[in-house]
Structures are given as C-alpha cells and as structure tokens.
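We use all heavy atoms of the structure for the numbers below, so side chains are in, but hydrogens, waters and symmetry mates are not.
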Amino acid sequence: MERKLNIGLDSDDVIFDLRKYQLEKGKEFFKKMSFINKKYKNIDIDISSYDFEGMFHCSKFMRNIFWLTHIRDYALNCELIPGALEKITKWKEEGYKLYNITARYGTTYRNIWGKINRSWSDKRFKELGIEFDGTDFCDEKLSARDKVIAAEKRRIDYFFEDKIENLEALSKVNDLTVIKVLRPHNKDYVNEKVLTVKDFYEGDSHITEKELTYDKNNRSDEKRCKDKYDLQKNKIKNLKYDKKLIEKQENNFRLFYRSIVPNMKKIYNINIVNKENIPYQQGAIIISNHLHYMDQFVFYDALGERPGHFVIAKELLENSIKNFIYGNSGCVALDRSDSGDRLKAFKELIKYPAIDKDLVVFPEGGRNKDRKDLLKPFDENNAGIVMAAIITGAPIYPLTINDNYGKFRNDFYVLAGEPIIIKPNVDHVKAFYEVYYDVLYRMVEENIMLQNAKKEGKTIDEVVEEINKNKRLRGIIPGEIRYITKESSENFVEKYIHKDGRNFEDMTKKEEGTEVLEEKAM
C-alpha cells in the first residue's frame, strides 16, 4: 500500500485574499480614524507590503485595533484566492491528505479570545465544505519555526506558502517541495529550492505532473522511512476511538487543573523560563524530570491550561484519590515490571500524539526521591517515547523542574528547552540516549543554575544568557528547532557511551517482543 500526498496550506494570502481585504477595509478604517486624528487623512499606502503596519505605515497599536475590530469579518467573509476552493476540493476527492497550517492573528491565545478566533476559522472552512485532515495554529511571531514543526510532524510533501521568512525556513526541510504562491510582497524572492506558481491552477498542474513522473524507487533513506511511518500513523489515527470519552477526560483535566493549581500558586512562586520554546501546536510529546507527584501541576501552571495525557505507574491507582484524578483525566497506567503491559501501554499512549493530543512522559520511569543523581539511571524501556515520536512525527518539548517542595513561597523554575524533531531513520534507542542525557541531563543542570541565581547575586536574565552561551558552544542555536539525526545519535553514543568503556549492545538488549515494537503498535 502506497500513501497519498500530504499537502500543507497556509490560509492567509494563499487560500484567502488577505492583501485585498487589508487594502479595502484598511482605507475605510483610516478614513473613519481621520475624524479622530487628522494625520490619518492622507496616509501613505504601500501595496507591496505583506503586513498591515507596512501597508499603511502605522503603529503596531493601530494594527491591533484594526484586527480586533475586523478579525471576525475577515475570518467569516474574506474572498478566496481564485481556484483555491476548486483545487482543494479536487485534491480531497483524489485522496490527498490536506492540512491547514496557519499563523492567523489571535488563534494561539490560550483564552476565550483564542478559542473564538479558532472557532471562526473552523466555521468558515465548514461552510465552504473544506475538511482538513488536521490544523496547526502557529504563533505569529514564530511562524517560521512553528510551520517547520508542522511540516515535519505532518510529513508534508507540498507546502503552499507566501510569506518570505516562512518560505526560507521551509526550504530547508528535507523531501519537502515548497510552493511560493506569487503575491506582490514576495515577487522578488528567489530560492532555487522553492517553486513559484501564480495560482492554484498552476500549482495543481505541477502536483499532477510530479505524481506521473515520480520514481517511487528512487528515494532517500529518510524519505522511505517517512512514508513507512506515515502509513503506520494513519492506521493508528483510523482506529476507532471514543472521542467523547477523550473529550470528557480533557475536560476533567481542566477541572482538576482549575481546582488544584490556584492553591499551589498560593504556596509556591512558579516561574517559567523560555516559555516561547513551547509552541502552541498540540500533538506533542512533553518530557520532564520527575521529583514529586505534584510536578505536573507545577509545570502546567507555567504552560497554561493545556490538557495532557500522562504515563503513570499502575500502583498510583491503588490510592483512591489519585485513582480518581488520574483515572478520569486520560492517564495511561503502566506496570513497569511487566513487558507485556509495557507493550499494551505503548499501543495506548501512541494514539494521543497521532490524533493531535499531548502526551506527557517522565523518562526516569518514576519519581527521583533521593535526588542523589540529577537523573535516575537510564532505562532502555523508556526509549518507546522516541519510537512514538518517530512513528507519529510528534515533536518533543523538553521541560525540567527544580526541587523546592516543602518550603512556603519557594521559587519554582520550569525551564523549557528547544523543541526537538527526531528524524525517522534513526535508531530509536540511540536517539533516546541523546534526548535523555544530552538534553534532559543538561537542562536539569541549567535549572539548578536558575535556582542558585539569587544566592550567587545573579539575575535570571544573566543566567539565561550564560545557558545560551554554553548552547552555542555546543552548536545549538537558542530558541530554534533541535534535530536528532542518525549521525548525531550515533556520534553521541560513540562519544559518551563507548568512551566510558560500556558496551552499548549489552545495555540495550531487547526483551522478547520489543524488537518489533513499531509493528505491534498497529
């Protein structure tokens, strides 16, 4: 069985004519504003600009006023780009997977305003009869990063985009054909890796021609793995799930969150550092060190009301209160001593990132009560979280938390690391070593630096700069996506495992049945 194409589509200035809307409504807006301030009477207009600020040479404040008063009308009534509806409908009928990947104003706010903005977007597409296989709302300021994450997660083959910085970032993704929809603001942008089309008709012709001439045998190792795992992911997505039960579990999670977190905030001073490293997009695997059974409420206060499905030890359910909380909020219980139960749990947990729900895992496999080691010794059974990321394409969002329980009003620091994308052709156990030791281990050390900042007379900003300086020395660009590749994970094992005289093969001997983990997950 061969998979169909995955097509990613930006919304604004690709499906909907944002430029035309801004010009027409912007002129009316400033005509009204001229009665309040005469400087808006003869405002200069730059028709080649992408953003409202540049188009009307106005302040960010005026731009926000415009969109606050017009976003509903734009979302529900803006004209479509010629050919958009016709070709999107055609692609859907041909069996292609379609994904809406957009950085529209207000859609990533974690409040009622964001929920309303997202509902307007969903309503318009429903009225148009366009049914996407998934939607990723991206941060306006970090749209280039977020769209790359979405393209990797969705294993996009063709991405229709118009914004220059997004085109540039997407052009660096392997095995992705980036299609620039020609607009006045991008007419001078040239990139040999980016295809330019004037409209959807030309874009459709290119896709059809490419399909007819595509040599499916002449593909890179990474591309072959992408296709293999994308088929497996689709099998997982197509299994019958009780969607009402999952929705109920997530509503219960929000209820518990609202009940417990406000009381914790009265006890602890909870801070998050580098929060911008955690994108809005759902369907991620969140990992963290583990110190206390209340850890999740500490970092979920920092992340906001974002439902997560936790992997928990089965023995926790023996406690009636914990059983009530965890058993009703979508947690996956795991008997760590039973290999069969681990496989069963894996099949249960992998569905969450596959259907765009967040999965939360503590790779230490339990609470690190004695705190003697920054992280408990490696347990290769937890390499399944990397296997889940590879199969589903889910990004990994790493967090670390410091140990300040037991003292009133102590500072808690939740440190967010760069989002991680694991390439599909890696050895999942080797890749887990790199994620676990080189990411979490170092982040725990960095968190301790934050915790000791006041004692050493440093500000948090000074500590963060020191952390970022150390990252740059290791070749990591702060705030940007971190890739785990076949080469990086193999080099890490060679450098840190064999160097210590340990035998990697002996350490990672698989128990009976685990060698076909990804196959049995189906």
Side-chain angles (χ1 to χ4, degrees), residues 4-27 45-52 54-56 74-75 77-105 121 124-125 128-130 132 136 138 143-144 147-148 150-151 154 156-173 175-214:
K4 282 294 208 174
L5 290 176
N6 294 335
I7 300 176
L9 295 153
D10 178 36
S11 286
D12 307 316
D13 253 340
V14 171
I15 298 176
F16 300 105
D17 200 337
L18 171 66
R19 176 177 169 274
K20 181 179 180 181
Y21 185 91
Q22 286 187 147
L23 275 171
E24 292 179 353
K25 299 297 182 178
K27 289 177 183 178
I45 300 175
D46 180 3
I47 61 172
S48 65
S49 179
Y50 170 83
D51 191 78
F52 190 83
M55 184 174 284
F56 291 96
Y74 171 76
N77 301 306
C78 183
E79 292 182 20
L80 279 76
I81 296 288
L85 181 59
E86 177 186 342
K87 294 304 175 184
I88 290 173
T89 303
K90 171 180 176 284
W91 294 334
K92 191 68 178 176
E93 290 173 349
E94 290 175 349
Y96 297 157
K97 299 286 185 181
L98 303 181
Y99 297 95
N100 179 218
I101 303 171
T102 178
R104 178 172 290 180
Y105 174 84
S121 175
R124 182 69 192 284
F125 283 120
L128 292 169
I130 298 175
F132 289 108
D136 288 286
C138 306
S143 62
K147 290 196 175 189
V148 167
R154 305 296 190 183
I156 299 298
D157 298 293
Y158 288 89
F159 200 120
F160 285 75
E161 176 61 57
D162 68 297
K163 196 173 181 181
I164 291 175
E165 65 182 80
N166 296 342
L167 292 167
E168 185 68 21
L170 289 164
S171 71
K172 299 173 184 176
V173 177
D175 300 308
L176 172 63
T177 300
V178 184
I179 298 180
K180 179 183 80 173
V181 180
L182 188 61
R183 305 294 283 165
H185 58 269
N186 65 26
K187 61 183 177 63
D188 296 326
Y189 174 72
V190 178
N191 185 329
E192 62 180 11
K193 295 182 179 180
V194 175
L195 175 73
T196 300
V197 298
K198 64 181 180 181
D199 54 32
F200 271 86
Y201 297 103
E202 194 172 317
D204 179 52
S205 297
H206 175 79
I207 291 175
T208 302
E209 180 184 352
K210 198 77 172 179
E211 275 284 85
L212 292 173
T213 60
Y214 182 45

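- In terms of heavy-atom proximity, L5 sits nearest to Y158 at CD1-CE1, 3.8 Å.
- Remark: L85 engages L80, T89, L128, I130 in a side-chain contact (heavy atoms from CB on, under 4.5 Å) (not counting sequence neighbours).
- When all heavy atoms are compared, the tightest approach of G54 to D46 is O-CB, 3.6 Å.
- To the nearest 0.5 Å, atoms CD (E165) and OG (S143) are separated by 4.5 Å.
- Of all heavy-atom pairs between A150 and I101, the closest is CB-CG2, 3.7 Å.
- Taking CG of D12 as the reference point, atom OH of Y50 lies at 6.0 Å (rounded to 0.5 Å).
- Of all the heavy atoms in A151 and L170, the pair that sits closest is CB-CD2, 4.0 Å.
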**OP:** Would you please test F159 and L167 for side chain to side chain contact (heavy atoms under 4.5 Å, CB included) and show each step?
**Re:** CA-CA 9 Å; F159 200 120; L167 292 167; over 6 Å; no

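- Contact of the I7 side chain with the I207 side chain is registered, since non-hydrogen atoms from C-beta on lie closer than 4.5 Å.
- Among pairs with a residue in residues 80-95, those fulfilling salt bridge (Lys or Arg N to Asp or Glu O under 4.0 Å) read K87-D204, K90-E94, K90-D204, K92-D133, at least two apart in sequence or across chains.
- Note that the CZ atom of R124 and the CD1 atom of I15 stand 10.5 Å from one another [nearest 0.5 Å].
- Scored by the ring pair (Phe, Tyr, Trp, His ring centres under 6.0 Å) test, Y74 finds Y21, W67 as partners (sequence neighbours excluded).
- Residues meeting the ring pair (Phe, Tyr, Trp, His ring centres under 6.0 Å) test with Y189, sequence neighbours left out: none.
- Looking only at side-chain heavy atoms (C-beta outward), D13 and H185 come within less than 4.5 Å of each other.
- Considering only heavy atoms from C-beta on, T196 stays 4.5 Å or farther from E202 through its side chain.
- Annotation: side chain of K27 is in contact with side chain of I45 (closest heavy-atom distance under 4.5 Å).
- Evaluation of the side-chain hydrogen bond (donor to acceptor under 3.5 Å, both in side chains) rule for N77 yields D73 as partners, not counting sequence neighbours.
- Sequence neighbours left out, not one pair with a member in residues 191-201 passes salt bridge (Lys or Arg N to Asp or Glu O under 4.0 Å).
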**OP:** Apply the test side chain to side chain contact (heavy atoms under 4.5 Å, CB included) to residues F160 and I81: give CA-CA distance (whole Å), side-chain angles for both, the deciding distance (0.1 Å), then the verdict.
**Re:** CA-CA 13 Å; F160 285 75; I81 296 288; over 6 Å; no

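- Contact detail for V181 and N186: the closest heavy-atom pair is O-ND2, 3.0 Å.
- Under the ring pair (Phe, Tyr, Trp, His ring centres under 6.0 Å) criterion, F56 pairs with F30, F52, sequence neighbours left out.
- Looking at every heavy atom in both residues, V194 comes nearest to S171 through CG2-CB, 3.9 Å.
- Shown are K163, K147, R183; of these, the salt bridge (charged side-chain N to carboxylate O under 4.0 Å, His left out) with D10 is made only by K147.
- Under the rule for a side-chain hydrogen bond (donor to acceptor under 3.5 Å, both in side chains), the partners of D157 that lie at least two apart in sequence or sit in another chain are R3, K223.
- Atoms CD and CD1, on E161 and I179 in that order, are 11.5 Å from each other to the nearest 0.5 Å.
- With sequence neighbours excluded, the residues forming a salt bridge (Lys or Arg N to Asp or Glu O under 4.0 Å) with K20 are E79, listed by chain and number.
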Original post:
Step by step, would you call Q22 with S49 a side chain to side chain contact (heavy atoms under 4.5 Å, CB included)?
Top reply: CA-CA 10 Å; Q22 286 187 147; S49 179; over 6 Å; no

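- Take Y201 and apply the ring pair (Phe, Tyr, Trp, His ring centres under 6.0 Å) test, not counting sequence neighbours, and it matches no residue.
- Atoms CG and CD1, on D162 and I164 in that order, are 9.0 Å from each other to the nearest 0.5 Å.
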**OP:** Please report the C-alpha distance between F200 and I88 in whole Å, then the side-chain angles of each, then the deciding distance to 0.1 Å, and finally whether the side chain to side chain contact (heavy atoms under 4.5 Å, CB included) criterion is met.
**Re:** CA-CA 9 Å; F200 271 86; I88 290 173; 4.3 Å; yes

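- When the side-chain contact (heavy atoms from CB on, under 4.5 Å) test is applied to S11, the partners found at least two apart in sequence or on another chain are F16, N100, T102, R104, F125.
- By the salt bridge (Lys or Arg N to Asp or Glu O under 4.0 Å) test, R154 is found to be paired with D136, D356, residues two or more places apart in sequence or in another chain being considered.
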